[in-house]
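Report on the structure given below.
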Amino acid sequence: QVQLAESGGGLVQPGGSLRLSCVFSGIIFNLFDMGWYRQAPGKQREMVAGITSGGKSNYDDSVKGRFTISRDNAKKMLYLQMDSLKPEDTAVYYCNAEITTTEKYTYWGQGTQVTVSS
């Protein structure tokens with residue numbers, strides 16, 4: 001029943017900004033831990049930023065100080081504000097949702113392409 005859909009990717013010059021959005025379709029968004037992952041060609045998928053159900057955030061060292069993750073529980077939305085973008089940020093960005101009860105449930109969006117190039 002949980003579905004995720006990302007948007008906001010595109011082509012941007014180095015130093016530019018983008019804001020990614022993720023729409024959560026479900027009934028208990030506030031209980032999920034949310035995150036943004038990315039996968040560049042030839043590389044493993046990596047976590048960029050995460051935010052817990054309690055609103056605590058964490059970031060990969062490569063994006064600290066440049067990216068900001070946030071969530072709006074009332075709107076069931078997840079965001080990633082990306083500033084000072086670098087060519088190394090080029091990747092497909094995925095929205096992720098996780099919840100653990102008696103077992104762990106993980107959901108993924110389809111991804112949105114971010115390309116940073118002159």
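Starting from 1, each residue takes its place in the sequence as its number. Worth knowing before you read on, the calculation uses all heavy atoms, side chains too, and leaves out hydrogens, waters and symmetry mates.
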**Q.** Side-chain heavy atoms of Met82 within contact of Val114, under 4.5 Å
**A.** yes
Q | Pairwise distance CD1(Ile69) to CG(Leu20) - rounded to 0.5 angstrom | A | 10.0 Å
Q | Residue pairs fulfilling disulfide (SG to SG under 2.5 Å) with at least one residue in residues 9-118, sequence neighbours excluded | A | Cys22-Cys95
Can you give me every donor-acceptor pair (side chain of residues 33-48, partner residue at least two apart or in another chain, under 3.5 Å) with its distance?
unit_1, atom_1, unit_2, atom_2, d
Asp33, OD1, Ser53, N, 2.9
Trp36, NE1, Tyr79, O, 3.2
Arg38, NE, Glu46, OE2, 2.8
Arg38, NH1, Asp89, OD1, 3.0
Arg38, NH1, Tyr93, OH, 2.9
Arg38, NH2, Glu46, OE2, 3.3
Arg38, NH2, Ser62, OG, 3.2
Gln39, NE2, Lys43, O, 3.2

Q. Any sub-3.5 Å donor-acceptor pair from Arg19's side-chain atoms to Gly9's backbone N or O?
A. no
Q | Side-chain donor/acceptor of Thr115 to backbone N/O of Leu11, under 3.5 Å | A | no
Q) Under 4.5 Å between side-chain heavy atoms, hopping through other hydrophobics if needed: is there a path connecting Tyr107 to Met77? A) no
Q. Would you say the side-chain atoms of Tyr94 pair up with the backbone N or O of Glu6, donor to acceptor, closer than 3.5 Å?
A. no
Q: Treating Ile, Leu, Val, Met, Phe, Trp and Tyr as nodes and any side-chain heavy-atom pair under 4.5 angstrom as an edge, say whether Tyr59 and Leu78 lie in one connected cluster.
A: yes
Q) In chain order, what residues pass the ring pair (Phe, Tyr, Trp, His ring centres under 6.0 Å) check against Phe29, with sequence neighbours excluded? A) Phe24
Q. Any link between Trp108 and Leu4 through a network of hydrophobic side chains (Ile, Leu, Val, Met, Phe, Trp, Tyr) touching at under 4.5 Å?
A. no
Q. Is Leu31 reachable from Val23 through a run of I, L, V, M, F, W or Y residues, each pair having side-chain heavy atoms under 4.5 Å apart?
A. no
Q: Test side-chain contact (heavy atoms from CB on, under 4.5 Å) on Phe32 and Thr106 and set out the steps.
A: CA-CA 10 Å; Phe32 281 79; Thr106 303; over 6 Å; no
(Q) Please determine whether residues Val2 and Ile99 belong to a single hydrophobic cluster, defined as Ile, Leu, Val, Met, Phe, Trp and Tyr linked transitively by side-chain heavy-atom distances below 4.5 Å. (A) yes
